[in-house]
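Quantities reported herein were computed from a predicted structural model and do not represent experimental measurements. Residue numbers start from 1 in every chain, and the chains themselves are labelled A, B, ... in the order their sequence lines are given, proteins ahead of strands.
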There are 2 protein chains.
Amino acid sequence: MPSILKEKGPEELLKKYHLRNTDCRVKILESFQQFDFALSQGFLEEELKHSFDRVTIYRTLKSFLENGLIHKILDNEGGIKYALCSDDCSGGDHHHSHVHFKCEVCGQTVCLEKSTIPDVKIPKNFLVDEVNVLVSGICGKCR
Amino acid sequence: MPSILKEKGPEELLKKYHLRNTDCRVKILESFQQFDFALSQGFLEEELKHSFDRVTIYRTLKSFLENGLIHKILDNEGGIKYALCSDDCSGGDHHHSHVHFKCEVCGQTVCLEKSTIPDVKIPKNFLVDEVNVLVSGICGKCR
DNA sequence: TTATTTTTGCAACATTGTTGCAAAAATAAA
DNA sequence: TTTATTTTTGCAACAATGTTGCAAAAATAA
Ligand SMILES: [Zn+2]
Ligand SMILES: [Zn+2]
Ligand SMILES: [Zn+2]
Ligand SMILES: [Zn+2]
């Protein structure tokens, strides 16, 4: 869990990842560090509405994703969310093995870093690249 | 696996599920029976473009979902897909425990009825309702 | 300080989700 | 079989999100 992405300052992170230091990127990184749940593009748009265009936010997320600063989280309503990477995902080569949990009450999705992806048996002629697990239910806070 | 949804005729199914027998519903059920992979709304729209309005297709899927004829399948690109239910999901109370596989080459998603959802360890103060597993990689056909 | 490269905002368009409403179709009742 | 009732459909309309092109602005390199 001790990920530099969650600990170092946004400006330092951008330098480390060879991304230019811009207001939008700093603000978005700050948002990810500030909230302890996964963020959707819509959430960030709302959060930064008066500061940046939605296309800029869209492109920033895309860039962060490609460079391994954030990872994508599936959603059962179609709307994808994002969270800071914990492992080393530099170069956009993501290596996550944790489960995601979506609360049906508060709607928040969180990374359960301690819940590792279990083994899934797949027909032997299939080649597995990635396994995504989304658990839905009620989170600790909402019970 | 021997699900009536995959074996009985569309008209019979509609009667069984107390849904009115309409052209659109029959055609959509036929499509689900015809293809051995999960279908997206967009795919059905393309398939039935000249026959039905996209809102009707949207509502038909919603109705099938609520009545337990089809189940929702997560997708890592945000676009949700659907497949016929295999277990008894009447009343929209879905009871699935199989894994879904999305091929990164052909883009098709399939139900792996024989790959059951493994146990996932979740913090004990969390309440689990449903577990969705999406495996991506390369399917048998595409290797 | 200037030149180069990247990022941003804006316009524009595509796809999907969603609702309201009146017309059409399906089923129930007479 | 005809009429009444209920449901479904098509269409208009709007929201959210994804996506690209392009010129202006900003960041970095020279
Ligand atoms: Zn990652
Ligand atoms: Zn995560
Ligand atoms: Zn089901
Ligand atoms: Zn399935």
**Q** Of all the choices, D/dG10, C/dT6, C/dT18, which nucleotide is nearest to the side chain of A/Arg20 once you look at every atom?
**A**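 Of the candidates, C/dT6 comes closest.
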**Q** Expressed as a whole number of angstroms, how long is the span from B/Ile80:CD1 to D/dA16:P?
**A**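 Rounded to whole Å, this separation is 18 Å.
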**Q** Tell me which nucleotide, if any, is Watson-Crick or G-U wobble paired with C/dG20 when both distances must be under 3.5 Å.
**A**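 D/dC11 - that is the nucleotide pairing with C/dG20, both distances being under 3.5 Å.
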**Q** Before giving the answer on side-chain hydrogen bond (donor to acceptor under 3.5 Å, both in side chains), spell out for A/Lys102 and A/Ser136 the whole-Å C-alpha distance, their side-chain angles and the decisive distance to 0.1 Å.
**A** CA-CA 5 Å; A/Lys102 177 172 183 182; A/Ser136 48; over 6 Å; no
**Q** What is the distance from NZ of B/Lys15 to P of D/dT7, rounded to the nearest Å?
**A**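 In whole Å, D/dT7 P and B/Lys15 NZ are 17 Å from each other.
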**Q** Take atom CD of B/Glu66 and atom P of D/dT7, then tell me their distance rounded to the nearest Å.
**A**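 Going from CD in B/Glu66 over to P in D/dT7 covers 14 Å.
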**Q** To the nearest 0.5 Å, tell me how far B/Leu19 CG sits from B/Asn67 CG.
**A**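 The CG atom of B/Asn67 is 4.5 Å from CG of B/Leu19, to the nearest 0.5 Å.
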**Q** So, is A/Tyr58 close to the D/dT19 phosphate, meaning a side-chain N or O under 4.0 Å from OP1 or OP2?
**A**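 For D/dT19, OP1 or OP2 has a side-chain N or O of A/Tyr58 closer than 4.0 Å.
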**Q** Mapping B/Gly42 and B/Asn21 to their closest nucleotides on DNA chain C, which lands nearer the 5' end?
**A**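 The residue whose closest nucleotide sits nearer the 5' end is B/Gly42.
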**Q** Looking at D/dA30, which nucleotide sits across from it as a Watson-Crick or G-U wobble partner, both distances under 3.5 angstrom, or is there none?
**A**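 Its partner is C/dT1 (Watson-Crick or G-U wobble, both distances under 3.5 Å).
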**Q** When only distance counts, do a donor and an acceptor, one from the side chain of A/Arg59 and one from the base of C/dG9, lie under 3.5 Å apart?
**A**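 Such a pair is found, so the answer is yes.
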**Q** Just how far, in rounded Å, is C1' of D/dT17 from CD of A/Glu45?
**A**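 Value for this atom pair: 8 Å.
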**Q** Tell me whether the side-chain N/O atoms of B/Gln41 come closer than 4.0 Å to OP1 or OP2 in C/dG17.
**A**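 True: B/Gln41 side-chain N/O within range (under 4.0 Å) of C/dG17 OP1/OP2.
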**Q** Looking at A/Arg54, does any N or O in its side chain come under 4.0 Å of the phosphate oxygens OP1/OP2 on D/dT17?
**A**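 No.
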**Q** Ignoring backbone atoms, establish whether B/Ser63 has a side-chain N or O less than 4.0 Å from OP1 or OP2 of D/dT8.
**A**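 B/Ser63 to D/dT8 OP1/OP2: no side-chain N or O under 4.0 Å.
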**Q** Report the base-pairing partner of D/dT5 (Watson-Crick or G-U wobble, both distances below 3.5 angstrom), or none.
**A**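 Paired with D/dT5, as far as the under-3.5 Å criterion goes, is C/dA26.
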**Q** As an exercise, state the distance from CG of B/Leu44 to CD of B/Gln41, rounded to the nearest 0.5 Å.
**A**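 One gets 8.0 Å once the value is rounded to the nearest 0.5 Å.
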**Q** Regarding B/Ser51, tell me which of base, sugar-phosphate or nothing describes its non-hydrogen contacts under 4.0 Å with the strands shown.
**A**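 Contact class for B/Ser51: sugar-phosphate only.
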**Q** B/Glu46 has an atom CD; how far is it from atom P of C/dA14, in whole Å?
**A**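 For the pair B/Glu46 CD and C/dA14 P, the rounded distance is 14 Å.
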**Q** Over 60° means perpendicular and under 30° means parallel, so tell me whether B/His100 and B/His71 are parallel, tilted or perpendicular.
**A**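 It falls in the parallel class, under 30°.
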**Q** Within this structure, what is the CG-to-P distance between B/Leu44 and C/dT15, rounded to whole angstrom?
**A**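 For the pair B/Leu44 CG and C/dT15 P, the rounded distance is 16 Å.
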**Q** State which of D/dG10, C/dG9, C/dT16 makes the closest approach to the side chain of A/Thr56.
**A**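 Nearest listed nucleotide: C/dG9.
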**Q** Heavy atoms only, 4.0 Å cut-off, all strands: where does B/Arg25 land among base, sugar-phosphate and nothing?
**A**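 Sugar-phosphate contact only.
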**Q** Looking at C/dT8, I'd like to know if its phosphate oxygens (OP1 or OP2) sit under 4.0 Å from a side-chain N or O belonging to A/Thr22.
**A**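 It does, given that an N or O in the side chain of A/Thr22 lies less than 4.0 Å from OP1 or OP2 of C/dT8.
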**Q** Could you label the plane-to-plane angle of the A/Phe35 and A/Phe37 rings as parallel, tilted or perpendicular, counting under 30° as parallel and over 60° as perpendicular?
**A**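 The arrangement is tilted - the two ring planes meet at 30° to 60°.
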**Q** To the nearest Å, how far apart are A/His18 NE2 and D/dA29 P?
**A**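 After rounding, the reported distance stands at 11 Å.
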**Q** I want to check one thing: is the phosphate of C/dT19, taken as OP1 and OP2, less than 4.0 Å away from some side-chain N or O of B/Lys62?
**A**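 Looking at the OP1 and OP2 atoms of C/dT19, one of them is under 4.0 Å from a side-chain N or O of B/Lys62.
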**Q** So what's C/dA14 paired with, Watson-Crick or G-U wobble, going by both distances under 3.5 Å?
**A**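 Across any shown strand, C/dA14 pairs with D/dT17.
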**Q** Between atom CD in A/Glu77 and atom P in C/dT16, what is the gap in whole Å?
**A**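 It is 17 Å, rounded to the nearest whole Å.
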**Q** Could you tell me the separation between the NZ atom of A/Lys6 and the CD atom of A/Gln33, rounded to the nearest 0.5 Å?
**A**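 With rounding to 0.5 Å, NZ (A/Lys6) is 10.0 Å from CD (A/Gln33).
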